[in-house]
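Here the structure is laid out as structure tokens; the discussion comes afterwards.
Every chain is numbered from 1, with letters handed out A, B, ... down the list of sequences. As the structure is a prediction and not an experimental result, all values here were calculated from the model.
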Amino acid sequence: MSALQPVRGTRDLLPDDSRRHRHVVETARAIAERYGYLEIAVPILEPTEVFKRTLGDTSDVVTKEMYTFTDRGGEMVTMRPEATAGIARALITGGLTQDLPFKVFTHGPMFRYERPQKGRLRQFHQIDVELLGVPEPLGDIEVIALGARVLDALGVRRATVLELNTLGDGESRNAYRGALVDYLEGFREKLSEDSRARLERNPLRILDSKNEGDRAIVADAPIFTDYLNDASKGFFATVREGLDALGIAYQVNPRLVRGLDYYCHTAFEFTTTELGSQGAVLAGGRYDGLVETMGGPSVPGIGWAAGIERLAMLMTALGSDAPAPARPIAIVPIGAPAEARALTLADELRAAGLAVELGYRGAAGKRMKRANKLNAGIAIILGEDELARGAATVRNLDSGEQTEVPLTALRDHLGR
RNA sequence: GUGUCCAUAGCUCAGUUGGUUAGAGCGUCCGGUUGUGGUCCGGAAGGUCGUCGGUUCGAGCCCGAUUGGACACCCCA
């Protein structure tokens with residue numbers, strides 16, 4: 001217990017946890033495929049530059065949360081803290097910019113060196129959807145709708161609110177940033193320490209500070225909407241109309257900003273109050289400048305990521321669970337000859353697609369206990385008597401009823 | 001990185017003002033039932049009290065450090 005502990009902020013996914021994770025992934029993948037997003041996988045390890053260039057030198061993720069090290073060949077590599085940058089890199093290295101749009105679904109572990117707390121781990125898992133090569137707002141609508149449908153399918157959408165905002169295009173954003181900084185500079189001494197630091201690095205983040213003093217100052221700050229140019233306003237209006245048409249409810253939250261530098265236009269977040277302070281369940285936005293920042297051609301993109309642990313927690317909080325595994329059939333041989341036959345019988349039934357448990361040891365009573373504990377629905381009792389008749393006793397473990405069935409008919413009998 | 005709380009059997013927890021062989025329930029294993037489970041009954045195994053150091057005649061109980069956990073800040077999925 002003391003000698004070997006898991007690395008801080010990491011967790012074993014034992015069968016019950018794995019089942020829930022798999023359910024989330026499979027549900028998301030199935031829906032994504034209906035929208036034409038095919039599954040891909042990209043490496044967990046990427047050159048550090050991939051994240052540095054794209055997430056921004058000032059973001060917290062890059063400055064203090066990455067697992068970065070020099071490998072044995074002297075290469076600076078990083079364990080991915082998020083999925084988008086790696087996918088953009090794959091798009092460029094694979095020459096896939098010739099075949100747009102690029103619509104993908106992926107999932108897997110992400111790594112961030114943070115202080116663990118509820119809904120936050122150092123190794124956590126995400127499902128992720130990206131749409132590259134579509135500058136039209138229809139792309140934003142599709143991607144958000146896809147996210148909403150995944151939450152619907154998992155039964156958690158009712159516990160979330162879709163918050164929506166626009167960060168405008170680069171021109172709008174720069175204009176607003178300038179106005180905001182000018183305003184906040186006047187209150188520099190009254191801002192919280194954290195926010196004074198943000199003033200230099202990422203002033204937009206001050207907008208959603210939780211500090212009360214900051215909130216009072218921010219209340220009278222310039223509004224983003226006033227600085228949006230017509231193109232940005234039109235883009236946002238189209239996105240909202242699309243969501244309205246699909247009946248996907250949202251709340252415009254002008255203070256919703258993104259932590260990562262590459263976002264523009266649409267920013268959205270499905271949030272919940274069920275998970276303590278880590279309320280973001282599925283979040284994303286548009287990142288038109290990302291691929292170019294990485295040295296590729298100008299390819300617009302939009303996507304989202306959702307935390308699998310958070311989704312699973314939310315499901316649990318709402319009292320729903322992933323489907324239970326299939327109940328196995330237990331084979332209970334009695335005596336050595338029967339045990340030998342049971343081995344081949346198990347093999348035949350498994351080949352026919354049935355889940356079969358063949359105990360490793362013990363008398364009939366022991367094996368029955370074991371069958372019960374495994375939640376078997378049926379026990380096939382194979383004793384010398386039955387064997388002599390070329391049959392087996394099939395016992396329904398719920399009702400206790402049992403009948404003798406010829407071995408040759410067993411498969412069909414169980415397949416009913 | 002900051003703050004608060006916490007750390008005793010596989011799990012959930014007791015453990016009195018520091019004082020002889022650290023307890024319970026659940027679970028596990030064995031037996032009652034050598035061809036039949038779920039209930040029930042009997043029994044057993046399993047902790048030296050996260051780790052290291054200190055105070056003391058004596059520490060699971062006090063002090064320090066450290067590791068880990070929980071929650072919040074921060075950040076974010």
| task | Hey, which sits more toward the 5' end of RNA chain B by its nearest nucleotide, Thr10(A) or Gln126(A)? | result | Thr10(A)

| note | Phe51(A) CZ to C76(B) C1', in whole Å, measures 16 Å

| Proximity of Phe105(A) and Tyr37(A) rings by center, below 6.0 Å | no

| task | Find the distance Arg115(A):CZ to G1(B):C1' and express it as a whole number of Å. | result | 8 Å

| task | For G32(B) and G69(B), measure between their C1' atoms and round to the nearest Å. | result | 43 Å

| Using 4.0 Å as the upper bound for N to carboxylate O, is an ion pair formed by Asp288(A) and Arg286(A)? | yes

| task | Give a yes or no on whether a salt bridge exists between Glu401(A) and Arg395(A), defined as a side-chain N under 4.0 angstrom from a carboxylate O. | result | no

| said: Between G19(B) and C73(B), how far apart are the two C1' atoms, rounded to whole Å? | reply: 44 Å

| Nearest-angstrom distance, P atom, C71(B) to C13(B) | 14 Å

| request: Pick base, sugar-phosphate or nothing for Gly284(A), based on heavy-atom distances below 4.0 Å to the nucleic acid. | output: nothing

| said: Does Glu386(A) form a salt bridge (Lys or Arg N to Asp or Glu O under 4.0 Å) with Arg389(A)? I'd like the steps, not just the answer. | reply: CA-CA 5 Å; Glu386(A) 288 93 338; Arg389(A) 280 182 245 117; 5.7 Å; no

| query | Taking atom P of C76(B) as reference, at what distance in whole Å does atom CZ of Arg310(A) sit? | reply | 11 Å

| task | Verify whether one side chain among Gln123(A) and Thr10(A) offers a donor that lies under 3.5 Å from an acceptor in the other. | result | no

| Taking all non-hydrogen atoms of both residues, which atom of Arg310(A) and which atom of Gly119(A) are closest, and how far apart? | NE-O, 2.8 Å

| said: Can you say whether a donor on the side chain of Arg120(A) sits under 3.5 Å from an acceptor on the base of C74(B), or the other way round? | reply: yes

| request: Inspect the contact between Asp398(A) and Arg327(A) and indicate whether a charged nitrogen and a carboxylate oxygen are less than 4.0 angstrom apart. | output: yes

| field | Pairwise P distance, G27(B) and G38(B) [rounded to whole Å] | value | 12 Å

| task | Check the distance between C71(B)'s P and Gln278(A)'s CD and give it to me in whole angstrom. | result | 9 Å

| query | Under 4.0 angstrom, heavy atoms only, what part of the nucleic acid is Leu374(A) near: base, sugar-phosphate, or nothing? | reply | nothing

| Of the non-hydrogen atoms in Leu256(A) and Phe268(A), which two are nearest, and what is the gap between them? | CD2-CA, 3.9 Å

| message | How many whole angstroms separate atom NZ of Lys118(A) from atom P of C74(B)? | response | 18 Å

| note | Between CZ of Arg8(A) and C1' of A7(B) the distance, given in whole Å, is 13 Å

| query | Do His21(A) and Leu13(A) have side-chain heavy atoms sitting under 4.5 Å apart? | reply | yes

| Along nucleotides 35-42 of chain B, 5' to 3', which nucleotides get a B, which get an S, and which get a -, given that the test is a protein heavy-atom distance under 4.0 Å? | BBBB----

| Among C75(B), C76(B), C74(B), the one nearest Gln117(A) by side-chain distance | C74(B)

| note | Dot-bracket assigned to RNA chain B with the 3.5 Å Watson-Crick/G-U criterion, [ ] for crossing and | for other-strand pairs, is (((((((..((((.....[...)))).(((((.......))))).....(((((..]....))))))))))))....

| query | Any side-chain N or O of Ser277(A) under 4.0 Å from OP1/OP2 of C71(B)? | reply | no

| query | Any ion pair linking Lys103(A) and Glu142(A) (charged N to carboxylate O, less than 4.0 Å)? | reply | yes

| said: Using whole Å, what does the distance between atom C1' of nucleotide C30(B) and atom CZ of Arg361(A) come to? | reply: 14 Å

| query | So what does Ala283(A) hit on the nucleic acid, given a heavy-atom distance under 4.0 Å: a base, only sugar-phosphate, or nothing? | reply | sugar-phosphate

| note | Of the candidates C76(B), A70(B), C75(B), the side chain of Glu65(A) sits closest to C75(B)

| said: Roughly how many Å apart are U33(B) and U21(B), using the C1' atom of each and rounding to a whole number? | reply: 36 Å

| Whole-Å gap separating P (A72(B)) and CG (Leu275(A)) | 10 Å

| Mind checking the P distance from G47(B) to G10(B)? Whole angstroms is fine. | 7 Å

| said: Say we look at G15(B) and C74(B): how far apart would their C1' atoms be, to the nearest angstrom? | reply: 39 Å

| task | Ignoring backbone atoms, test whether Arg112(A) places a side-chain nitrogen or oxygen under 4.0 Å from the OP1 or OP2 oxygen of C75(B). | result | no

| said: In whole Å, measure the gap between the P atoms of C5(B) and A65(B) for me. | reply: 13 Å

| task | Look at Lys52(A) together with Glu49(A) and state whether they make a salt bridge at an N to O cut-off of under 4.0 Å. | result | no

| Base, sugar-phosphate, or nothing: which does Gly362(A) touch, judged by heavy atoms less than 4.0 Å apart? | nothing

